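Accompanying notes for the structure given below.
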2 protein chains.
Amino acid sequence: MDNFLKIDMDTYKPLREIVFTTMREAIINGDFKPGQRLMEVQLADQMGVSRTPVREAIRKLELEGLVVMVPRKGAYVAGLSSEDVKEVLEIRAVLEGLAASLAARNATEKDVEELKDIVEKFKSAANEQDVVKLINFDSDFHDVMYRTSKNKKLIQLISSLREQVQRFRVAYFTKIKSTQQLIEEHNQLVDAIAGKDSERARAVAETHIATTEKLITSIEEKK
Amino acid sequence: MDNFLKIDMDTYKPLREIVFTTMREAIINGDFKPGQRLMEVQLADQMGVSRTPVREAIRKLELEGLVVMVPRKGAYVAGLSSEDVKEVLEIRAVLEGLAASLAARNATEKDVEELKDIVEKFKSAANEQDVVKLINFDSDFHDVMYRTSKNKKLIQLISSLREQVQRFRVAYFTKIKSTQQLIEEHNQLVDAIAGKDSERARAVAETHIATTEKLITSIEEKK
DNA sequence: TTTTGTAATATTGTATACTTAATCCACATA
DNA sequence: TATGTGGATTAAGTATACAATATTACAAAA
């Protein structure tokens, strides 16, 4: 603890940050629909700020791929074709694989315990058929794994990718028949990490995402 | 050619885009040094625009990781520790691997020809000891490979990651003793892609980046 | 000489004002 | 009815103005 006197001026957030996260939430939650036009004055009024922070927030959302800009016309919530989702998941698969293999290399016993704990919670949520809990524990599991990987850039990147497809999550989690398979995969992952078997961890993690991808693809095809 | 009448209104670029790319170039080329403070009025004056486009450009650079913001103090060019570079390269390795395996799956004969062509050019640049050409042809090679992967998000992502470590490139390309190894790896990559061997392509590509990573690590250690 | 307090100065954060392009709609014309 | 045309309206792009905070300079006191 070499910084016990460092006060947290970090509590201060510029308006643009608040606007940014607010808008991002809205897009991810689907409050702003894909294709919807985002008008600056309107948004500014709604949030009670001026156009400036709104514009700056939009710039960031643009780079994050959640909105698309048409010059001289404005900003629109990015549409998400199933093609896009597939692209993102293809990427996530290898990044999750990397995260898992790094986690296997770096995990402490405490990390492993934490992972096991979450898997248990996930199981009971599955028994209760509680979809919201299911989503949250799944998130938690992956969060811990990312953290354990110790690669900060990787963590950032994956969370950005997760956001991009989050809009689909509820859809496919409710559709899923066998959460059983997810449990099984989580178990294998923990095993591999606990056993410091980075190659196996990687393989399992990649399959894990691929499972999701197949799921989405099959849902899409039914449409 | 289903769009032969589509005119290119796309030529128009808002100032913020110009400012954004200009500043990004400056950072990547090292004209703006890591840690350097970026002051809005000064930048705006230099480029002959107002603060607004500059601020918006900075927001994007921030999300791209080239700039870090300290609230109420300003923007600074992001420093890049060798730790950071390692993190990025770790990620790039698997993404290049993915790109290579997708390329192997999707490559047409034309793509393969193009790749072979670039490898030849790279070889002659190596003979001439022309570092700049070497860098450019290496870039070209990878660009074609990415394009061939057909995954647009992946292309975006990799190019963003490349930018982040570009500031080190000249350094390690001049240091490199055996461009021979790079040539060899490029050859193997083309072979694998031509032979539609996605697993081998992936393995070679990952090693390829790992080579770079080791190189950087060794340079760093000498300091 | 060093430290502390205070004024001034500079810079970011936010809001507003201005400019110009795009869109809409009424109306005219074929 | 269909198709232009011109002006009004709207919104984005850009610049500027104002407010809040941080930095600096410098003087006064220890």
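Note that this is a predicted model, so its numbers are computed, not measured. Within every chain, numbering begins at 1; the chains are lettered A, B, ... in the order of the sequence lines, protein sequences first and strands thereafter.
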Practice item. Considering only NZ, NE, NH1 and NH2 on the basic side and carboxylate oxygens on the acidic side, decide whether Lys150(A) and Glu90(B) come within less than 4.0 Å. Key: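 Result for this pair is no, no salt bridge flagged.
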Hey, is Asp143(A) close enough to Arg147(A) for a salt bridge, meaning N to O under 4.0 Å?
no
A correct 5'-to-3' footprint of nucleotides 8-16 of chain C, with B, S and - meaning base, sugar-phosphate only and no protein heavy atom under 4.0 Å, is ---SBBBBB
**Request:** Please determine, by modelled atom types, if Thr108(A) and Asp111(A) share a side-chain donor-acceptor pair under 3.5 angstrom.
**Result:** yes
Contacts of Val70(A) meeting side chain to side chain contact (heavy atoms under 4.5 Å, CB included) (sequence neighbours excluded), chain-then-number -> Lys73(A), Tyr76(A)
Could you work out, with ring pair (Phe, Tyr, Trp, His ring centres under 6.0 Å) as the rule, every residue matching Phe141(A), not counting sequence neighbours?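 Checked Phe141(A) against ring pair (Phe, Tyr, Trp, His ring centres under 6.0 Å); matches are His186(A).
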